[in-house]
Protein chains: 2
Amino acid sequence: MPRMREKDDAATGAGRRVTMATVGRMAGVSQVTVSRALSDPSKVSPETLRRIREAIEVTGFVPNAIAGALASSRSKLVTALVPSLTNIVYSSFVTTFSDRMRARGYQILLSETGFDPAEEEALISTHLSRRPDAMLLTGIHHSAMARRLLLGAGIPVVEVWDLSDSPIDLCVGFNHAEAGRAVADFAREFGHDTAATVTASDERAHRRQRTFSERFAARGGRRVEDVDVGGPASIGAGRRALAALLDRPSPSCSVVFCSSDLLAHGVMIEARSRGMDIPGDLALIGFGDQDFAQDLDPALTSVRVDRTRLGKDAAGALLARLEHAGAAGPVIDLGFEIVHRAST
Amino acid sequence: MPRMREKDDAATGAGRRVTMATVGRMAGVSQVTVSRALSDPSKVSPETLRRIREAIEVTGFVPNAIAGALASSRSKLVTALVPSLTNIVYSSFVTTFSDRMRARGYQILLSETGFDPAEEEALISTHLSRRPDAMLLTGIHHSAMARRLLLGAGIPVVEVWDLSDSPIDLCVGFNHAEAGRAVADFAREFGHDTAATVTASDERAHRRQRTFSERFAARGGRRVEDVDVGGPASIGAGRRALAALLDRPSPSCSVVFCSSDLLAHGVMIEARSRGMDIPGDLALIGFGDQDFAQDLDPALTSVRVDRTRLGKDAAGALLARLEHAGAAGPVIDLGFEIVHRAST
DNA sequence: TTGAAAGCGCTAACAC
DNA sequence: GTGTTAGCGCTTTCAA
């Protein structure tokens with residue numbers, strides 16, 4: 001028995017749903033021919049093509065990618081999981097990544113994990129239910145179940161923002177532990193004896209902070225004070241962090257290493273509002289080298305990571321897998337660079 | 001003749017794809033029962049449910065939402081088009097919107113239009129091919145083709161960030177023209193005679209700038225200088241804008257209205273680096289009331305728009321349409337509020 | 001160059 | 001409570 005259409009077409013304003021069959025009927029060809037005209041016009045005679053295109057124009061036909069994906073088991077969908085969209089550090093590379101993928105016909109299904117592995121696991125599962133052709137994850141720490149799901153899906157996966165010895169599949173990022181150490185060396189070279197760190201709630205940021213502190217001590221630094229802002233980075237959090245530092249019993253630090261430029265910016269504002277000179281009274285190092293770092297006064301010393309390349313390489317690695325099956329090595333180290341400016 | 005599987009299962013590491021039929025076979029029930037167990041467990045006996053769940057666990061089965069969507073013509077997908085993700089003003093409300101929709105089982109397919117109507121039209125078409133259950137657009141200006149496509153799709157649509165007399169369907173935002181006027185009145189009340197505007201490339205920002213300038217003059221202001229930064233808002237752009245203003249032949253303005261807090265922040269940095277006092281030498285008004293506005297020194301006067309409510313209301317309006325068919329009025333005016341702080 | 005037939009993996013309707 | 005049947009709108013394969 002035929003199934004009933006629930007939709008009251010007149011009421012919704014949508015005519016009967018237009019399918020390839022409808023278009024074909026109008027153009028005097030079968031549904032398959034319409035499919036061909038869309039996927040490979042060279043397989044269809046010019047005249048037929050013309051009539052089909054006309055019918056598409058008239059009807060406003062939009063192909064049903066859902067049906068296409070089901071039939072072909074290629075969804076042209078790539079899903080991405082990032083910790084936070086409001087953090088420009090992540091959103092900027094998502095933009096690059098998306099642009100690259102979109103240029104090749106892929107759409108991006110994006111979700112935020114909020115830095116929560118459990119949330120990530122749940123999202124991986126829902127995302128996989130859309131049968132994406134590939135997937136991007138931020139970071140290299142995922143629950144066992146998450147790994148299992150990903151492996152079972154049998155699709156290319158790229159993990160970004162970090163480096164791993166045992167990537168799920170592909171990996172594009174840099175070594176956070178190394179970055180922390182490099183900043184410690186940098187600070188020691190400038191003769192700083194006492195340091196402070198200001199760190200947001202982000203596992204990778206904490207890893208940088210730890211290696212910074214260890215190395216700073218190992219290289220003869222006298223002491224390091226750590227402040228955990230206990231939340232996302234922001235200017236306000238940076239201000240409060242410096243205030244907390246200066247209010248400690250025996251405050252003393254000549255350089256502050258912040259886990260992001262935003263925090264460093266807050267520290268800078270607080271310092272100047274207290275009449276401190278930067279870098280005279282306090283040297284400042286950020287992380288991420290966001291565009292505003294060079295526009296601050298004084299310009300902010302920071303650690304540059306090429307986020308644009310990160311997005312491009314992640315897309316490139318995935319596309320290589322998607323298109324030429326084989327493809328390049330699984331792990332790309334982007335490196336980092338300390339950009340020395342007036343704040344140190 | 002049965003179709004061949006191209007995939008070499010052993011090589012990809014993915015076993016034969018698990019379907020509801022596979023799970024059913026393992027649990028000793030038919031495929032439909034598995035479907036029921038997932039969509040409405042109360043329709044299945046406890047014992048059967050247990051066996052099905054076990055089979056799902058063992059196989060790592062992830063339901064195919066694509067097939068589900070095709071069969072039910074409900075995709076549980078909502079697509080959203082925003083001008084830019086790296087602009088926190090947009091990304092922050094996307095976050096709220098997504099969270100709300102996700103709580104009800106909808107996933108969000110997100111794309112950036114880059115403020116380009118042609119790009120938007122192309123994206124609307126590809127997005128519609130995924131057969132979303134609803135769609136969110138930023139702004140109220142769309143190409144004729146875009147409107148036609150949207151209307152033809154017969155799905156709920158919400159336009160945000162602006163108000164319209166003739167919304168496609170739903171609309172949540174505020175009156176930009178009014179906001180510009182309100183700021184002009186505010187500036188005049190403080191006795192400012194000469195003003196400047198600094199505006200990023202955003203149609204809505206320009207609309208605010210125009211009404212500001214008109215009203216400022218209408219209320220007896222002597223003169224307004226306009227700077228168009230010709231690109232996205234940034235601290236650097238703000239600095240350069242003030243520099244350009246001050247370098248003009250007869251520079252004179254006692255208050256600057258910026259199209260975003262970010263620009264205002266840049267203006268503030270440039271002013272202070274030139275030794276100017278804020279608000280003594282120059283009063284400053286931003287737009288958007290981003291979280292850092294209150295953390296600047298001096299704290300920044302700005303125009304607050306409740307972006308969280310914007311996201312919530314957009315989701316709420318859509319969900320109402322999606323779930324109870326009828327639902328509330330089509331246009332929600334969120335209003336705005338000038339937050340007076342130390343920079344004026 | 002075109003068409004017919006057979007699915008893709010699920011949901012909806014109906015029967016038992 | 002469970003199974004059967006018939007699609008959803010495409011792509012793939014094969015035949016003409």
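First the proteins, then the strands, lettered A, B, ... as listed; each starts at 1.
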S.K.: Could you state the CD1-P distance from I66(A) to dT11(D), rounded to the nearest angstrom?
M.R.: 13 Å

S.K.: Figure out the CG/P separation between L70(B) and dG9(C), and round it to whole Å.
M.R.: 12 Å

S.K.: Between G68(A) and V29(B), which residue's closest nucleotide on DNA chain D lies nearer the 5′ terminus?
M.R.: V29(B)

S.K.: Just checking, any donor-acceptor pair under 3.5 angstrom between side chains of S129(B) and T126(B)?
M.R.: no

S.K.: Do R50(B) and E47(B) meet the salt-bridge criterion of a basic N to acidic O distance under 4.0 Å?
M.R.: yes

S.K.: Does R130(A) put a side-chain nitrogen or oxygen below 4.0 Å from OP1 or OP2 of dG9(C)?
M.R.: no

S.K.: Using side-chain contact (heavy atoms from CB on, under 4.5 Å), reason through D99(A) and T96(A) one step at a time and then give a plain yes or no.
M.R.: CA-CA 5 Å; D99(A) 286 350; T96(A) 317; 5.9 Å; no

S.K.: Which whole-number value in Å describes the distance from L38(A) CG to dT12(D) P?
M.R.: 13 Å

S.K.: Tell me the interatomic distance from D40(A), atom CG, to dT2(C), atom P, rounded to whole angstroms.
M.R.: 12 Å

S.K.: Under 4.0 angstrom, heavy atoms only, what part of the nucleic acid is R74(A) near: base, sugar-phosphate, or nothing?
M.R.: sugar-phosphate

S.K.: Take R100(B) and L318(B) through the side-chain contact (heavy atoms from CB on, under 4.5 Å) test and state the conclusion after the steps.
M.R.: CA-CA 11 Å; R100(B) 273 298 225 253; L318(B) 242 29; over 6 Å; no

S.K.: Evaluate the side-chain contact (heavy atoms from CB on, under 4.5 Å) criterion for residues D169(A) and R321(A): first the C-alpha distance (whole Å), next the side-chain angles of each, then the deciding distance (0.1 Å), finally the verdict.
M.R.: CA-CA 10 Å; D169(A) 183 15; R321(A) 268 270 200 294; 2.5 Å; yes

S.K.: Does dT2(C) have OP1 or OP2 under 4.0 Å away from a side-chain N or O of S30(A)?
M.R.: no

S.K.: For S45(B) and dT2(D), is the shortest distance between a side-chain N/O and OP1 or OP2 below 4.0 Å?
M.R.: yes

S.K.: Does dC10(D) have its OP1 or OP2 closer than 4.0 Å to a side-chain nitrogen or oxygen of S35(A)?
M.R.: no

S.K.: Among the nucleotides dC10(C), dA5(C), dG3(D), which one has an atom lying closest to any side-chain atom of V32(A)?
M.R.: dA5(C)

S.K.: Distance check needed: dT11(C) P versus D133(B) CG, whole Å only.
M.R.: 14 Å

S.K.: A71(B) side chain: which of dT12(D), dC10(D), dG9(C) is closest?
M.R.: dG9(C)

S.K.: Go through dG9(C), dT11(C), dC10(D) for me and flag the one nearest to the M20(A) side chain.
M.R.: dC10(D)

S.K.: Both A67(B) and K43(B) contact DNA chain D. Which one's nearest nucleotide lies toward the 5' end?
M.R.: K43(B)

S.K.: Rounded to whole angstrom units, what separation is found between the NZ atom of K76(A) and the C1' atom of dT11(D)?
M.R.: 14 Å

S.K.: Starting at atom CZ of R17(A), determine the distance to atom C1' of dC10(D), rounded to an integer number of angstrom.
M.R.: 14 Å

S.K.: Just the rounded figure in Å: distance from C1' of dT2(C) to CZ of R25(A).
M.R.: 17 Å

S.K.: Taking only side-chain N and O atoms of T33(B), does any of them lie within less than 4.0 angstrom of OP1 or OP2 on dG3(D)?
M.R.: yes

S.K.: Looking only at the side chain of S72(B) (C-beta and beyond, no hydrogens), which of the listed nucleotides dT11(C), dC10(D), dG9(C) gets closest?
M.R.: dT11(C)

S.K.: Taking OP1 and OP2 of dT2(D), is either one under 4.0 Å from a side-chain nitrogen or oxygen of T48(B)?
M.R.: yes

S.K.: Does any N or O in the side chain of T113(B) come within less than 3.5 Å of the main-chain N or O of L81(B), such that one atom is a donor and the other an acceptor?
M.R.: no

S.K.: For Q31(A) and for L49(A), find the nucleotide of DNA chain C with the closest heavy atom, then tell me which residue's nucleotide is more 5'.
M.R.: L49(A)

S.K.: Determine whether a donor-acceptor pair (one donor, one acceptor, N or O, separation below 3.5 Å) exists between the side chain of R36(A) and the base of dG3(C).
M.R.: yes

